[in-house]
Colleague: 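Here's a structure for you.
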Amino acid sequence: MCGIVGAIAERNISPILLEGLKRLEYRGYDSAGLALVDSAGQLQRLRRVGKVAELEQAQRETVPTGRLGIAHTRWATHGVPCERNAHPHFSGDVAVAHNGIIENHEALRRQLKELGYEFLSDTDTEVIVHLLHHKLESCSDLSDALKATVKELHGSYGLAVICSRFPDRLLAARCGSPLVIGLGLGENFLASDQLALRQVTDRFVYLEEGDIAEIKRDSVRIWDISGQLVQRENVQYHEGAEAADKGEYRHFMLKEIHEQPKVVQRTLEGRLGDGQVMVEAFGPQAAELFAKVKNIQIVACGTSFHAGMIARYWLEELAGIPCQVEVASEFRYRKVMVQPDSLFVTISQSGETADTLAALRNARNMGYLASLAICNVAISSLVRESDLTLLTLAGPEIGVASTKAFTTQLVALMLLTLALGQVRGSLAVDKERQLVEELRRLPARLGEALAVNAAIEQLAEYFADKNNTLFLGRGAQYPVAMEGALKLKEISYIHAEAYPAGELKHGPLALVDSDMPVVTVAPSNELVEKLKSNLQEVRARGGELIVFADGRAGIENGEGTRLVNMPHIIDALAPILYTIPLQLLSYHVAVFKGTDVDQPRNLAKSVTVE
Ligand code: G6P
């Protein structure tokens with residue numbers, strides 16, 4: 001949520017800041033700004049409402065240059081998106097860019113006003129820059145002033161700081177919002193995500209919670225939460241090249257949808273043995289631990305929560321383990337009755353989602369056996385703070401609407417189901433062998449499912465003037481329908497709701513008419529006949545159906561029913577396969593409507609604030 005870039009070099013760094021912001025734009029894009037110390041030693045600033053392209057255009061006209069600077073792309077929390085609220089914020093000769101939320105900003109604002117500071121924005125961030133400016137009156141060094149400042153902040157922050165009195169250094173502080181230092185030769189960088197710096201370096205130092213860093217052209221000093229100087233590991237990072245551009249695709253989302261066979265393959269690699277899942281993939285202590293597991297609690301947000309909902313069907317049906325799934329923002333504030341011998345599982349693409357992280361931290365003292373993170377980012381807070389990890393290997397996901405992260409999460413959760421079933425002896429050896437073989441075939445099946453693209457593109461026009469849609473599914477296809485509805489509303493702004501098809505007659509049927517498309521996922525399985533009855537209920541009321549089904553389901557194209565034929569797949573893996581056409585449907589509807597597919601309004605990729 002929001003993106004930060006900083007640089008100190010001997011060359012003009014404004015193009016580096018702008019390029020970094022463009023790469024981070026998916027994290028927030030309602031306004032952007034940069035601040036530089038110019039050759040005369042003065043702070044210069046440029047801010048614009050809207051996307052980084054607006055800032056870039058303004059930069060072309062005014063050409064601010066400098067060798068030290070910070071930049072920010074914003075997702076508004078406190079104060080509407082406008083130039084006055086865009087970062088960096090100034091106080092005299094100090095400039096700050098901030099990710100996160102300062103919870104005690106009102107009290108600090110009052111104190112600082114009494115000290116004579118004038119507030120020009122509605123943001124919580126402005127208290128930080130004034131407080132830091134005030135601390136500099138009694139501290140001779142910028143890092144000392146920053147240390148004194150953060151002691152008074154409650155909440156979360158990733159901070160990038162410059163001060164024209166100290167043109168040889170860039171300061172950073174991390175608490176609840178990730179920051180990474182990029183190491184160059186005679187130049188160094190800072191960002192909230194290493195992706196922003198890929199064009200300048202592949203060597204990184206990840207700050208830990210409570211760290212403060214002083215970054216000079218040729219040195220980096222880091223103090224930990226207790227104020228001790230520390231050495232943090234220097235990491236070479238090779239991933240991310242594939243995320244740099246859209247390649248032949250018009251949008252990152254379409255590229256990421258088409259990457260699914262490849263990344264599912266990668267997520268399976270090295271984790272399947274001869275007829276069974278390799279339990280060690282979850283860590284050396286996994287086998288011993290899994291043998292003790294009698295219950296599972298899954299916690300996640302958004303699309304990751306839907307992955308958890310699907311996994312519940314698998315864990316109960318295939319591994320025979322009771323499973324509960326809850327959104328993290330509810331779990332973290334609820335009195336939870338923990339079942340004995342429960343494994344606490346978090347699912348997150350980013351590993352930095354504030355609610356999921358908070359839920360994990362609360363869970364530590366609640367009596368769970370252990371925590372397991374299913375996550376796409378190896379160096380994330382969630383991974384660092386969990387006992388066990390299974391990485392999804394989807395590669396960086398740039399489109400705000402999650403696609404390949406979701407399908408790889410499902411693959412990881414199927415591996416978890418099989419591993420638990422195997423270790424606990426609750427899954428028959430033959431059944432595991434069959435599922436492992438089907439998993440090996442899954443990348444090819446996903447490739448076949450992508451072939452429905454052209455048929456779905458033709459459906460898009462039909463949705464363009466619709467305001468509401470129902471998504472139906474039964475069994476594990478119900479959460480697939482939830483994910484389909486989420487995708488459609490996220491990027492095409494059409495209201496979409498998902499229902500278990502059996503609930504139709506308990507309310508939503510009242511809404512059905514020819515203006516309300518009813519999208520249904522209907523693989524041939526033991527529930528398909530029941531589902532067909534539900535579809536009759538829709539047709540009898542003049543409702544229009546869009547049905548995704550394989551030939552064996554016995555559903556036909558005809559009046560009021562638009563059928564998209566899907567390849568047949570074993571029922572257990574159908575949720576993964578049937579996700580693909582729903583992703584494509586939302587994509588093509590959004591393209592037809594002309595909305596911003598990769599950066600839908602009001603949303604951000606990584607929600608690091610509550
Ligand atoms: C945001 C994103 C969603 C994502 C959710 C959870 O809302 O826009 O795509 O599913 O956060 O994110 P996580 O990184 O924890 O999976």
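Heavy atoms only: backbone and side chains are in, while hydrogens, waters and symmetry mates are out. Please read all numbers here as calculations on a predicted model, not as lab measurements. Order of appearance sets the numbers: ligands from 1, and atoms from 1 within every ligand.
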Colleague: Which option wins on minimum heavy-atom distance to atom 15 (O) of ligand 1: Thr353, Thr346, Ile347?
Modeller: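 Looking at heavy atoms only, Thr353 sits closest to atom 15 (O) of ligand 1.
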Colleague: Please check whether Gln409 reaches ligand 1 - meaning an N/O of the residue sits under 3.5 Å from an N/O of the ligand, judged on distance alone.
Modeller: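 Gln409 vs ligand 1: no N/O contact under 3.5 Å.
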Colleague: Among all protein non-hydrogen atoms, which one is nearest to atom 2 (C) of ligand 1, and what is the separation to 0.1 Å?
Modeller: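 Here the closest protein heavy atom is Lys605 O, 3.3 Å.
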Colleague: Just jot down the ligand 1 atoms closer than 4.0 angstrom to any heavy atom of Ser402, in number order.
Modeller: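 So the atoms of ligand 1 that pass are 9 (O).
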Colleague: Would you call Thr408 and Leu410 a side-chain contact if the rule is heavy atoms closer than 4.5 Å?
Modeller: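 No, their side chains stay 4.5 Å or more apart.
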Colleague: Could you identify the single nearest non-hydrogen protein atom to atom 7 (O) of ligand 1 and state the distance to 0.1 Å?
Modeller: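 Here the nearest protein heavy atom works out to Val607 CG2, 3.9 Å.
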Colleague: Kindly compute the distance separating CG (Leu289) from CG (Leu369), expressed to the nearest 0.5 Å.
Modeller: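 The CG atom of Leu369 is 5.5 Å from CG of Leu289, to the nearest 0.5 Å.
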Colleague: In the protein, what heavy atom is nearest to atom 8 (O) of ligand 1, and what distance, to one decimal place, separates them?
Modeller: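 The closest one turns out to be Ala604 O, 3.0 Å.
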Colleague: Look at atom 5 (C) of ligand 1 and say which protein heavy atom is nearest, naming residue and atom and giving the distance to 0.1 Å.
Modeller: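 Result: Cys301 O, 4.0 Å.
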Colleague: Below 4.0 angstrom from a heavy atom of Ser304, which ligand 1 atoms are there? Numbered from 1 as shown, please.
Modeller: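 Once the distances to Ser304 are compared, the set is 10 (O), 13 (P), 16 (O).
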Colleague: Report the relative orientation of the aromatic rings in His78 and His105; use parallel for angles under 30°, tilted for 30 to 60°, perpendicular for over 60°.
Modeller: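 Perpendicular.
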Colleague: Please list the nearest protein heavy atom to atom 4 (C) of ligand 1 with its residue and the distance rounded to 0.1 Å.
Modeller: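 For atom 4 (C) of ligand 1, the nearest protein heavy atom is Thr303 N, 4.2 Å.
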Colleague: Can you say whether the rings of Phe282 and Phe290 are parallel (under 30°), tilted (30 to 60°) or perpendicular (over 60°)?
Modeller: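 Because their plane-to-plane angle is over 60°, the rings of Phe282 and Phe290 count as perpendicular.
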Colleague: For Ser348, take its heavy atoms, then give the atoms of ligand 1 lying under 4.0 Å from any of them.
Modeller: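 In order of numbering, the contacting atoms are 13 (P), 14 (O), 15 (O), 16 (O).
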Colleague: Got the closest protein heavy atom to atom 9 (O) of ligand 1, with its distance?
Modeller: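 Protein heavy atom at minimum distance: Val400 O, 3.3 Å.
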Colleague: Please work out whether the ring planes of Tyr587 and His251 are parallel, tilted or perpendicular, with thresholds of 30° and 60°.
Modeller: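 Taking His251 first and then Tyr587, their aromatic rings stand perpendicular (interplane angle over 60°).
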Colleague: Answer yes or no: is there an ion pair linking Arg174 with Asp211, defined by an N-O contact shorter than 4.0 Å?
Modeller: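 No.
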Colleague: Using a strict cut-off of less than 4.0 Å between a Lys/Arg side-chain nitrogen and an Asp/Glu carboxylate oxygen, indicate whether Arg48 and Glu56 qualify as a salt bridge.
Modeller: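 The answer is no: the pair does not qualify as a salt bridge.
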Colleague: Kindly indicate whether a cation-pi arrangement holds for Arg601 with Tyr493, taking the cut-offs as under 6.0 Å to the six-membered ring centre and within 45° of the axis.
Modeller: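 The answer is yes; both the distance and angle limits are met.
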